[in-house]
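Working notes, beginning with the structure itself.
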Amino acid sequence: MERAQDRSAEQTAKRYEGPEPDRYDDRTPGGPSLGNPPSGDYEESAARGPARGPAEPATDLELLVHGVGGTTPEKMLGDPRTVRVSGDDTAAVFRRAEDVEDVEDTGEAGALGPAPAGRDPRRGPVREAYVWCNLTSGDGSRALWLLLLPFMVVNLAHWMRPAAPGRPRTVRLYGLLVRLTALTLTVLLVAAVCEVALDLVAWQCASAPTCVRRHSWLGFLAPAAPGAPAGAGGWWSAPGRRLALAAAVPAALTGLLWYLSHRTWRAYESHRPLSPDAEPDPDTEQDPNATEREPDAATGRNADAAAERDDPDATGPDAEARPDPRGSALARPGFWYGRRLVARLRAAHTAAGLLTVAAAVTVPAARFDRRPGGAAVLDALGWALLAALATGAVAVVWVVCRRGRSERRLDRRLDRHLVRRLKLGALALLLPALLYAGWSRPGWQSTGGLPGASAFGILMLAQGVVIVALAVVARILYRRRPDPRTGMRGLGGPAVALLACALGGVISGGVAQRVADWLDGTRALLAGPPALLTWQASVIPALLAVLLVLCAALAVRTARLARAERARVRREYPGEPGDPSRTRAIAHARAMATLTDSVPLVVAVLTATTLVLGAVALAGAAATGKTPDGAAHRTPHLVQAVAETSQALGSWLVGLGFVLFVTWGRRAYKDASARRTIGILWDVGTFWPRAAHPFAPPCYAERAVPDLTWRMVTWTRRTGGRLVLSGHSQGSVLAAAAAWQLPPSVRTRVALLTYGSPLERLYGRWFPAHFGPPALAALHRDIACWRNLYRRTDPIGGPVRIPAGTAPEVDHEPLPDPRAYGRTLDHPLPAPILGHSDYPTDPVFARERARLLTRLLPGLPAQRPDPAHADLPDHSH
């Protein structure tokens with residue numbers, strides 16, 4: 001039987017392989033070429049309904065999913081004429097125009113029509129291309145997502161926890177600490193805007209006549225000149241009213257973040273995934289999740305509420321803490337639908353931002369009212385407001401800690417009263433705070449810095465304490481199931497969270513310093529931003545010096561590895577005439593590809609250095625209350641020189657980084673190619689749902705995974721055919737996530753073909769709880785068959801390393817790259833070093849795809865009877 005299957009696979013491979021190697025044409029990553037022949041059409045009518053028996057080769061389909069950076073359907077399908085058969089302008093499925101026939105007659109867009117005249121239906125499976133690049137690099141508004149970079153990074157930390165079966169409470173604690181870290185980032189962003197608008201502009205510059213003369217647009221805020229009669233200044237000249245007016249800027253920013261989060265959720269993540277227990281009806285194709293469930297007849301509650309009553313852990317805090325029998329939480333029905341948690345976090349972070357603005361306005365006024373001889377009524381109102389703000393802050397923290405993700409089922413309920421009351425309550429506190437600050441207070445003048453600047457130090461200290469606790473929890477989880485290939489021995493999540501906080505601090509300090517320099521270029525008129533922000537900028541040169549040393553060490557190691565690879569390259573191409581330059585190029589490409597495996601070392605060094613330098617900056621600012629050059633005023637000349645140089649260089653670097661940041665965003669807003677480059681960053685960072693920070697860029701996988709799942713389920717149930725899910729690079733991660741979501745009846749008809757895949761090399765090491773060895777082994781068991789292709793020159797893709805003892809093997813041996821060392825009869829021109837691109841141009845690709853199709857249905861189809869002898873009796877028994 002096995003020999004018959006092998007012969008069938010070889011015959012199918014020969015039929016699908018296409019032309020000889022010398023006719024291959026280079027294409028973009030993930031796209032077909034002349035060496036990967038265009039698909040054929042197979043006779044199939046949608047009216048036939050779901051197949052009752054084994055599918056014939058006429059129902060073979062290959063669904064292509066591209067990788068990072070995106071591409072066009074024309075390049076993926078190798079044909080300039082393509083037709084969108086399903087989807088919209090954001091994400092869609094395309095076919096060659098030649099493969100789309102009689103769509104109107106079948107009644108289903110994308111259904112298989114009869115083979116066009118002159119086409120050989122045995123040339124290969126019909127091919128469809130799922131194009132999702134517009135999810136991350138669509139219109140110009142994507143450029144604004146650069147401002148949300150710290151939020152995206154901290155959201156990654158939630159998914160980087162180590163795999164730890166049997167420790168649900170520890171897993172819940174890990175998620176809680178990440179959510180608290182994310183909350184501090186929101187407070188830091190709003191506080192930084194308050195520092196610019198309230199402190200630098202309304203408090204310091206508006207009270208300095210020289211600064212007001214330089215910026216005439218602040219004239220209506222200027223107080224009366226010395227010696228002028230009382231009331232000579234404008235109505236807005238009172239310090240409290242200036243603060244109340246400037247508070248509109250951070251309040252508007254908070255509202256904008258809420259609006260963007262709500263809008264992007266509806267545009268990207270509101271698509272409900274397919275429930276595995278409710279497959280679509282092949283006759284009606286009705287979405288089983290299209291309507292809310294009917295109320296339970298006995299209780300009057302809907303089925304979702306009944307499910308929560310019967311299984312309280314199904315929607316309890318961090319439901320993902322419970323182990324999944326299929327190896328990964330990505331197989332759970334509600335994994336790609338986090339509506340309830342995102343709504344709660346969005347309300348909590350919006351309330352936190354509004355409360356931060358209210359506190360920035362209230363604290364200076366309350367401090368003035370507490371002076372001897374102050375108004376008792378205003379003093380009492382100030383204490384009452386501060387108590388109410390503290391109560392609101394406790395409520396926000398409680399909401400953030402109260403509930404995690406609900407993944408065991410498709411949770412479509414919303415905590416409407418809580419979400420609405422939390423935002424309205426924070427807004428109700430902000431309005432009286434503005435009225436309180438704007439009340440008339442004779443004799444109140446704004447001098448020095450705005451009171452409450454110590455909040456930055458308290459916030460930075462709180463972030464450090466939470467991240468240290470997160471590192472302890474992560475280490476406990478890692479010791480439960482240690483894996484040497486896990487990034488940073490399980491500390492990847494805390495490291496990324498620390499880098500997110502550092503990035504947020506640098507951006508906040510950079511904006512504050514740039515605005516201070518713009519308002520007062522001489523730095524003699526204004527007190528400037530808090531000393532801590534200057535200390536943070538001053539340690540940047542030391543951090544860059546450490547990174548330069550590390551990069552130099554990695555460069556030396558890569559050069560040594562390249563020299564060692566030269567001997568291996570010569571052994572792999574025997575009988576070829578030696579070419580030193582060719583050998584060096586191949587060896588260099590292989591050595592450079594190994595740099596990806598050095599990322600844990602780079603992140604570890606960067607994290608340790610950031611932690612130490614951050615502690616130095618916090619301690620220096622708290623101990624001296626001055627900037628570095630001011631603190632080193634009476635120290636030896638060498639210390640003074642180092643402090644002054646670090647402060648000046650750090651300020652210059654922050655300014656340069658801020659200018660580059662704005663320039664890059666502006667260019668991406670106007671230039672589609674630059675926007676696509678930024679989209680590569682989002683392709684990796686926004687794959688995961690918004691589980692920690694609701695203001696992070698939207699998760700495109702919550703749209704892409706349901707798209708792929710629905711397409712595979714509806715096609716296989718309508719045609720009964722075989723399907724190869726073909727994913728390149730990040731597309732292989734989407735393909736794996738979609739395969740986990742397939743119902744059991746569909747998984748038996750779907751094969752997985754991955755190439756240039758980071759499933760184990762990146763995702764398995766950095767997200768071990770979801771893509772670790774047990775999870776990938778479970779996927780191998782669940783899916784009908786799986787094959788993975790990679791090259792040694794690929795810096796992203798690699799083997800998936802399914803644990804030993806599983807058969808058949810998933811990883812193919814490394815593909816040769818380049819295909820030929822020198823010029824040959826088959827390759828008269830030098831073969832390029834492809835690295836991460838053009839996998840379909842290799843003959844192995846077509847051969848392995850054909851073998852996957854054969855393994856889906858190993859039995860050979862029975863021979864059809866001759867019509868001339870159809871009435872003869874059958875004596876085969």
Side-chain angles (χ1 to χ4, degrees), residues 154 156-178 181 318-332 335 404-405 407 466-499 594-608 610-611 688 691-692 733 736 740 757-782 788 798-806 809-811:
V154 77
L156 287 178
H158 174 88
W159 303 104
M160 298 176 73
R161 66 172 177 84
R167 301 297 295 267
R169 294 187 178 182
T170 311
V171 171
R172 292 169 186 167
L173 179 60
Y174 180 94
L176 185 151
L177 292 173
V178 176
T181 305
D318 285 345
E320 73 269 19
R322 301 173 60 191
D324 195 278
R326 289 177 60 184
S328 176
L330 274 72
R332 295 172 181 169
F335 186 89
R405 285 173 53 83
E407 299 171 352
V466 173
I467 289 175
V468 170
L470 183 65
V472 173
V473 173
R475 189 62 184 176
I476 294 174
L477 292 174
Y478 175 78
R479 293 178 61 183
R480 180 73 176 182
R481 182 190 285 174
D483 183 1
R485 286 193 59 81
T486 300
M488 297 181 62
R489 298 297 191 270
L491 296 179
V496 168
L498 177 63
L499 294 180
T594 62
L595 286 177
T596 304
D597 301 320
S598 301
V599 172
L601 174 62
V602 176
V603 174
V605 173
L606 181 61
T607 302
T610 301
L611 183 61
W688 297 99
V733 183
W740 258 309
S757 172
L759 275 172
E760 194 280 336
R761 194 176 188 183
L762 295 179
Y763 281 81
R765 300 186 68 181
W766 291 104
F767 307 98
H770 301 86
F771 286 97
L776 294 180
L779 177 62
H780 180 41
R781 292 191 302 268
D782 289 343
N788 179 65
V800 295
R801 302 178 189 273
I802 299 298
T806 57
E809 293 183 358
V810 173
D811 290 320

ask   = side chain to side chain donor-acceptor pair (under 3.5 Å) with Asp811: which residues, sequence neighbours excluded?
value = Asn788
query = Does any non-hydrogen side-chain atom of Leu779 lie less than 4.5 Å from one of Ser328?
reply = no
inquiry  = Please check this pair: side chain of Arg765 against backbone of Glu760, looking for a donor-acceptor N/O pair closer than 3.5 Å.
reply    = no
ask   = Is any side-chain heavy atom of Pro494 less than 4.5 Å from a side-chain heavy atom of Tyr174?
value = yes
task = Just jot down the side-chain contact (heavy atoms from CB on, under 4.5 Å) partners of Ala157, sequence neighbours excluded, or say none.
result = Val178, Val496, Ala497
request  = Report yes if the distance between the aromatic ring centroids of Trp688 and His770 is under 6.0 Å, otherwise no.
outcome  = yes
inquiry  = Rounded to the nearest 0.5 Å, what separates atom CG in Leu491 from atom CG in Leu477?
reply    = 10.5 Å
query = Heavy-atom distance under 4.5 Å between the side chains of Pro773 and Asp483, does that happen here?
reply = yes
inquiry  = Taking side-chain contact (heavy atoms from CB on, under 4.5 Å) as the definition, give me every residue that meets it alongside Ala604, ordered by chain and number, with sequence neighbours left out.
reply    = Met488
key: Contacts of type side-chain contact (heavy atoms from CB on, under 4.5 Å), residue Arg481, not counting sequence neighbours   = Ala163, Pro165, Pro774
message = Does Arg480 form a side chain to side chain contact (heavy atoms under 4.5 Å, CB included) with Thr170? I'd like the steps, not just the answer.
response = CA-CA 11 Å; Arg480 180 73 176 182; Thr170 311; over 6 Å; no
message = My understanding is that only residues two or more places apart in sequence, or in another chain, count here; which of them pass side chain to side chain donor-acceptor pair (under 3.5 Å) with Arg475?
response = none
query = Is any side-chain heavy atom of Leu330 closer than 4.5 Å to a side-chain heavy atom of Phe767?
reply = no
request  = Go through Phe771 and Trp740 one step at a time and tell me if the ring pair (Phe, Tyr, Trp, His ring centres under 6.0 Å) criterion holds.
outcome  = CA-CA 11 Å; Phe771 286 97; Trp740 258 309; 5.8 Å; yes
request  = Identify, with sequence neighbours excluded, every residue that meets side-chain contact (heavy atoms from CB on, under 4.5 Å) alongside Leu611.
outcome  = Leu498
